[in-house]
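Numbered from 1 within each chain, the chains take letters A, B, ... in sequence-line order. Below, each value reflects all heavy atoms present in this structure, side chains not excepted, and no hydrogens, waters or symmetry copies.
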Amino acid sequence: MLIPFTRPLDLENTLEVGQAFRWRREPSEPTEHPWFWGVAFDNLVKLRRTEEGVEFFCAPDSEAALSPLLQDYLRLGDDLSAIYESIRGDERVSACIDRYPGLRLLRQDPWECLVSFICSANNNIRRIGGNVEDMSRSFGRPVGIEDRHRHTFPTPEELADAGEHRLRELGLGFRAKYVAAAARRVAGGEVDLYSLREAPYEEALNALVSLEGVADKVANCVLLFSLDKLEAFPVDVWIDRALRDWYPQVTEKRLPRKALRPWAQERFGPYAGYANQYLFHQRRSDQRGKRAAGR
DNA sequence: AGCCAGGCCCTCC
DNA sequence: GGAGGGCCTGGC
């Protein structure tokens with residue numbers, strides 16, 4: 001099925017920037033319209049960008065049922081030109097936008113997003129993806145068709161049942177305790193993640209940081225990538241380095257890591273999260289370029 | 001071998 | 001209150 005869409009959408013950078021962990025490009029070699037395989041809304045999904053829009057297939061549900069959900073997931077409703085206009089006042093961000101037009105935030109499932117970013121602590125992106133896939137294979141349900149199938153991301157109940165010990169056996173390390181605790185609290189109804197979409201930023205932030213293993217950075221990822229808080233601004237090592245290198249004021253004012261989020265939100269405004277994503281992607285791309293040149 | 005990876009928590013001052 | 005150390009695990 002085709003979702004007609006001719007406005008800017010860079011599917012490749014959007015799915016591989018590091019905001020989501022379950023999309024696999026196929027083929028991996030450079031091609032004009034590569035497919036991306038993933039699991040979303042309890043379906044195995046493959047999709048690709050074409051000139052006309054987003055072409056996709058899914059199973060077991062019908063394409064008609066999934067189409068509106070995918071449009072939502074890909075944030076196709078975001079008015080990128082308005083967003084760009086809002087954050088282009090910053091020269092550095094403006095240059096990043098010119099470099100990666102159509103890079104979009106995603107609107108992911110809050111539970112999967114929360115667990116993924118709990119796993120991100122002191123971890124690398126490849127292994128985070130491995131952790132997410134391992135949890136799905138072990139505790140999720142198979143979806144797809146016989147020769148091509150993956151597993152749904154486990155529900156809070158499924159991960160609560162799994163327990164800390166089995167999560168540790170999967171290789172989550174010290175994060176296993178945090179994932180198990182979060183699963184118990186969400187499964188028990190103590191924290192209602194979906195309701196946080198309607199809550200104001202600060203309130204949702206406070207609810208998230210009440211979870212073990214979730215502090216300001218992880219919470220802001222969840223807020224930005226799954227809870228519709230486009231003003232969220234996660235400060236990780238990459239953003240920290242980017243801000244210090246690219247914004248002399250940060251160094252002049254001797255701002256500690258903790259002060260960077262409020263500083264950036266003040267500077268970039270209601271779409272600070274989009275600015276964050278562009279700065280992050282630029283910074284990591286620069287680094288990859290350097291490493292490639294180094295050998 | 002030793003360090004680092006999209007942090008977080010705990011201790012101690 | 002904030003600076004510093006430790007943490008599972010895997011890859012280089």
Side-chain angles (χ1 to χ4, degrees), chain A residues 13-23 96 100 103 105-106 108 112-135 137-138 159 162-183 185 205-227 229 232-246 253-262 264 272-288 290-295:
Chain A
N13 279 317
T14 295
L15 297 179
E16 297 191 333
V17 67
Q19 56 180 324
F21 300 92
R22 300 204 67 190
W23 293 101
C96 297
Y100 305 108
L103 168 62
L105 291 166
L106 292 172
Q108 304 179 53
E112 177 177 336
C113 189
L114 171 65
V115 174
S116 300
F117 282 94
I118 286 177
C119 289
S120 74
N122 203 25
N123 206 348
N124 62 66
I125 293 186
R126 185 195 316 273
R127 187 156 79 105
I128 299 165
N131 292 151
V132 171
E133 206 60 28
D134 288 343
M135 283 186 275
R137 200 180 312 106
S138 299
L159 282 188
E164 176 184 345
H165 181 68
R166 296 179 67 193
L167 289 169
R168 203 171 254 273
E169 282 180 340
L170 272 191
L172 266 65
F174 61 86
R175 307 160 195 85
K177 179 167 69 164
Y178 303 142
V179 171
R185 286 190 60 187
L205 174 61
N206 289 334
L208 289 173
V209 298
S210 79
L211 295 163
E212 267 187 285
V214 179
D216 202 75
K217 189 273 172 180
V218 168
N220 272 272
C221 285
V222 179
L223 292 168
L224 183 59
F225 303 143
S226 75
L227 293 176
K229 304 297 182 282
F233 195 92
V235 178
D236 55 41
V237 290
W238 298 98
I239 287 291
D240 185 292
R241 292 171 195 152
L243 295 182
R244 289 180 201 288
D245 271 8
W246 296 341
K253 293 181 175 175
R254 301 187 178 286
L255 297 177
R257 166 84 64 101
K258 192 165 70 89
L260 294 182
R261 173 176 65 77
Y274 261 99
N276 179 293
Q277 191 74 323
Y278 280 88
L279 291 170
F280 176 82
H281 189 48
Q282 180 69 67
R283 187 69 183 185
R284 291 202 74 232
S285 303
D286 289 351
Q287 190 60 38
R288 275 196 292 266
K290 273 190 209 166
R291 260 189 324 206
R295 53 186 137 203

Between [atom2] of [N] and [atom1] of [X], the distance in whole Å:
X	N	atom1	atom2	value
A/Ile118	B/dC8	CD1	C1'	11 Å
A/Ile128	B/dC4	CD1	P	18 Å
A/Lys217	B/dC9	NZ	P	13 Å
A/Leu260	B/dG7	CG	P	13 Å
A/Leu114	B/dG7	CG	P	16 Å

Contacts of type side-chain contact (heavy atoms from CB on, under 4.5 Å), residue [X], not counting sequence neighbours:
X	answer
A/Ala215	none
A/Ala232	A/Tyr201, A/Asn220, A/Leu223, A/Leu224, A/Lys229
A/Arg283	A/Trp238, A/Arg241, A/Ala242, A/Asp245, A/Trp246
A/Lys177	A/Glu164, A/Glu212

Worksheet item: Is there a donor-acceptor pair under 3.5 Å between the side chain of A/Arg127 and the backbone N or O of A/Gly171?
Response: yes

Only counting residues at least two apart or in another chain, list the ones meeting salt bridge (Lys or Arg N to Asp or Glu O under 4.0 Å) with [X].
X	result
A/Arg126	none
A/Arg261	A/Asp216
A/Glu133	A/Arg22, A/Arg24, A/Arg150
A/Asp134	A/Arg137

Worksheet, complete the sentence: Closest heavy-atom pair, A/Leu172 versus A/Cys119, reported as atoms and distance to 0.1 Å, is CD2-SG, 3.9 Å

Worksheet item: Looking only at atom P, what distance separates C/dG10 and B/dC9, rounded to whole Å?
Response: 23 Å

Discussion item. Please report the distance separating the C1' of B/dC8 from the corresponding atom of C/dG11, rounded so that it comes out in whole Å.
Written reply: 22 Å

Could you list the protein-to-nucleotides 9-11 of chain C atom pairs, N/O on both sides, closer than 3.5 Å?
| from | atom 1 | to | atom 2 | distance (Å) |
| --- | --- | --- | --- | --- |
| C/dT9 | O4' | A/Arg127 | NH1 | 3.4 |
| C/dT9 | O2 | A/Arg127 | NE | 3.4 |
| C/dT9 | O2 | A/Arg127 | NH2 | 2.9 |

Worksheet entry | All ring-ring contact (aromatic ring centres under 6.0 Å, His included) counterparts of A/Tyr178, not counting sequence neighbours | none

Worksheet item: Across the strands shown, which category fits A/Arg241 at heavy-atom distances under 4.0 angstrom: base, sugar-phosphate, nothing?
Response: sugar-phosphate

Could you write out each protein N or O paired with an N or O of nucleotides 11-13 of chain B at a distance under 3.5 Å?
none

Discussion item. Give me the stems containing DNA chain C, sorted by first residue, counting only three or more consecutive Watson-Crick or G-U pairs with both distances under 3.5 Å; say none if there aren't any.
Written reply: B:2-5 with C:9-12, B:7-13 with C:1-7

